[in-house]
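I have placed the structure first, in the form of structure tokens, so that the comments after it can refer back to it.
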Amino acid sequence: MSEISEQNSLPAEPNDSMQEYYQLQQELLVTTVILTGIIFICVWYFYSLSIALNYLLGACTGVVYLKVLARNVGQFGREKSQIGKSQLVIFVGLIIVATQWKQLQVLPIFLGFLTYKGTLIVYMLRTLMPSNSR
């Protein structure tokens, strides 16, 4: 009973901070899609369409992973007391399918999945650079 009263007594987050979080979430998603498109075209040009499609499968799974992770982080504190590990199932399932299906190649899929990490690096570098607009 005391846990319920403690949860209800937690202050609600201001709308401004949640709005800022949703803008960050949207910005990361758009950057990931743009980065995925650029890398897909480069892989297709330098390697083959088959490898590029494997990369694209991994990158799309990375976008889904990023969305699930963002949803879990958004619920943290309001509905959940800890972040679950359920989003890891997405990656593990993808790798299992890639190893079992002969047409899929694990390395391009894995590297495609990591595209969202590249997005985080781009965001970090952009925020560290001095800007005249700030």
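Note that this is a predicted model, so its numbers are computed, not measured.
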Next on the checklist: Checking Q26 now: which residues fulfil side chain to side chain donor-acceptor pair (under 3.5 Å) with it, not counting sequence neighbours?
Outcome noted: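 Expected list: none.
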Which atom pairs, one a donor and one an acceptor, fall under 3.5 Å between side chains of residues 110-118 and the rest of the protein, sequence neighbours left out?
unit_1, atom_1, unit_2, atom_2, d
T115, OG1, Y55, OH, 2.7
T115, OG1, G112, O, 2.8

Next on the checklist: I need the minimum non-hydrogen distance between I96 and T99, along with the two atoms involved.
Outcome noted: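 Looks like O-OG1, 2.9 Å.
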Co-members of the apolar cluster containing [X] [side chain, <4.5 Å]:
| X | answer |
| --- | --- |
| V97 | L57, L94, W101, L104, I109 |
| V63 | L29 |
| V122 | none |
| V64 | V68, I90 |

Taking only residues two or more places apart in sequence, or in another chain, which ones meet [X] in a side-chain contact (heavy atoms from CB on, under 4.5 Å)?
| X | answer |
| --- | --- |
| E27 | T31, Y123, R126 |
| I34 | V30, I38 |
| L49 | F40, W44, L53 |
| Y47 | V43, I51 |

Item to check | Spacing of Q25 atom CD and E20 atom CD [to the nearest 0.5 Å] | outcome: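 Nearest 0.5 Å value for the CD-CD distance: 13.0 Å.
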Next on the checklist: Once rounded to the nearest 0.5 Å, what's the spacing between atom CG of L28 and atom CG of L24?
Outcome noted: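 CG of L24 is found 4.5 Å from CG of L28.
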Checklist entry - Which pairs, with at least one residue in residues 56-70 and sequence neighbours excluded, count as a side-chain hydrogen bond (donor to acceptor under 3.5 Å, both in side chains)? => result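 Applying side-chain hydrogen bond (donor to acceptor under 3.5 Å, both in side chains) to every pair that reaches into residues 56-70, excluding sequence neighbours, yields nothing.
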Next on the checklist: Looking at N54 and P108, would you say the former's side chain and the latter's main chain have a donor-acceptor pair under 3.5 Å?
Outcome noted: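 Not confirmed, N54 side chain does not pair with P108 backbone.
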Next on the checklist: Does anything in residues 32-56 form a salt bridge (charged side-chain N to carboxylate O under 4.0 Å, His left out)? List the pairs, not counting sequence neighbours.
Outcome noted: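 Non-adjacent pairs meeting salt bridge (charged side-chain N to carboxylate O under 4.0 Å, His left out): zero.
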